[in-house]
Amino acid sequence: MKSNESNKGIGSRLGTLCLTSCQKLVAQIRNAKEAILAESRELLDAPDRMLRLALNEAEAMAWQTGYPHLLFPALATEKVRGVADWMQRQMSLQRNHSISAPA
């Protein structure tokens, strides 16, 4: 009976350790996400919603891997770069449209 009680204690401690570890992982990703969002806001003239959607997509992709905390920053950077490229194409199209529009 005593070993059964000690197994419950070990299981409880293991559960607490897993929960704590998971909470730290979530906090790391959240902090990285906020830092990347803040930096992106400074560098890009992109809608906040677009940046948040890009970062949410990067986070979802990262969680599908075995190492989300390691892959999220690279995925987020790639997604933000995609937003920057899209914004640049839009500006180029607007410039070309205004140049070719009749006066």
Side-chain angles (χ1 to χ4, degrees):
M1 190 80 165
K2 186 157 179 114
S3 68
N4 207 10
E5 287 178 16
S6 66
N7 286 344
K8 287 180 184 178
I10 291 171
S12 176
R13 285 186 299 231
L14 183 59
T16 301
L17 181 63
C18 288
L19 179 61
T20 302
S21 177
C22 187
Q23 288 171 336
K24 286 180 183 179
L25 189 59
V26 168
Q28 282 180 329
I29 291 176
R30 182 181 58 240
N31 292 339
K33 189 176 184 179
E34 290 302 319
I36 293 168
L37 181 61
E39 185 178 336
S40 300
R41 282 181 184 143
E42 290 178 20
L43 298 175
L44 300 175
D45 187 25
D48 191 64
R49 179 169 166 73
M50 188 179 289
L51 291 172
R52 286 187 180 277
L53 288 172
L55 293 176
N56 287 343
E57 186 175 336
E59 182 180 5
M61 291 171 68
W63 280 113
Q64 292 177 11
T65 71
Y67 307 97
H69 59 296
L70 297 177
L71 294 175
F72 173 73
L75 291 169
T77 301
E78 183 179 322
K79 293 294 182 179
V80 168
R81 195 170 290 137
V83 170
D85 291 346
W86 184 85
M87 294 292 296
Q88 190 173 9
R89 279 192 306 276
Q90 294 303 307
M91 288 173 50
S92 175
L93 289 171
Q94 288 174 353
R95 276 193 305 264
N96 289 341
H97 180 68
S98 65
I99 291 172
S100 63

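Counting from 1, the numbers follow the sequence of the chain as shown. Given the structure is predicted, the values throughout are model-derived calculations rather than measurements. Heavy atoms only: backbone and side chains are in, while hydrogens, waters and symmetry mates are out.
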Legend entry - Nearest heavy atoms of Met87 and Ala46, plus distance in Å: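 Distance-wise, the nearest heavy atoms are CE-CA, 3.9 Å.
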Reported [atom1]-to-[atom2] distance for the pair [X] and [Y], which is rounded to 0.5 angstrom:
X: Arg13; Y: Leu17; atom1: CZ; atom2: CG; answer: 10.5 Å
X: Lys24; Y: Asn31; atom1: NZ; atom2: CG; answer: 13.5 Å
X: Arg89; Y: Asn96; atom1: CZ; atom2: CG; answer: 13.5 Å
X: Ile36; Y: Ile29; atom1: CD1; atom2: CD1; answer: 10.5 Å

Who passes side-chain contact (heavy atoms from CB on, under 4.5 Å) against [X], sequence neighbours left out?
X: Asp48; result: Leu37, Arg41, Arg52
X: Leu25; result: Gln28, Trp63, Pro68, His69
X: Ser21; result: none

Legend entry - Side chain proximity check, Leu55 to Glu59, heavy atoms < 4.5 angstrom: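 No, every pair of side-chain atoms sits at 4.5 Å or beyond.
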Inset, instruction - Assess whether atom CD of Gln88 is packed by more than 12 heavy atoms of other residues, nucleotides or ligands within 6.0 Å. - result: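 No, because the 6.0 Å sphere around CD of Gln88 holds 12 heavy atoms or fewer from other groups.
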Inset, instruction - Please go through Met91's hydrophobic cluster and name the other residues, only I, L, V, M, F, W, Y counting, with side-chain heavy atoms under 4.5 Å joining them. - result: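 Direct or chained contacts put Met91 with none.
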Counting only pairs under 3.5 Å, give me each side-chain donor-acceptor contact of residues 70-84, with atom names and distances, residues two or more places apart or in other chains.
| unit_1 | atom_1 | unit_2 | atom_2 | d |
| --- | --- | --- | --- | --- |
| Thr77 | OG1 | Pro73 | O | 2.8 |
| Lys79 | NZ | Glu57 | OE2 | 2.7 |

Inset, instruction - Using the test salt bridge (Lys or Arg N to Asp or Glu O under 4.0 Å), find all partners of Arg30 that sit at least two apart in sequence or belong to another chain. - result: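 Testing Arg30 for salt bridge (Lys or Arg N to Asp or Glu O under 4.0 Å), a comparison that skips the adjacent residues, returns none.
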Inset, instruction - Using the test salt bridge (Lys or Arg N to Asp or Glu O under 4.0 Å), find all partners of Asp85 that sit at least two apart in sequence or belong to another chain. - result: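 Asp85 satisfies salt bridge (Lys or Arg N to Asp or Glu O under 4.0 Å) with no other residue.
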Inset, instruction - For Trp86, check side chain to side chain donor-acceptor pair (under 3.5 Å) against everything at least two apart and list the hits. - result: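 Not a single residue meets the side chain to side chain donor-acceptor pair (under 3.5 Å) criterion with Trp86.
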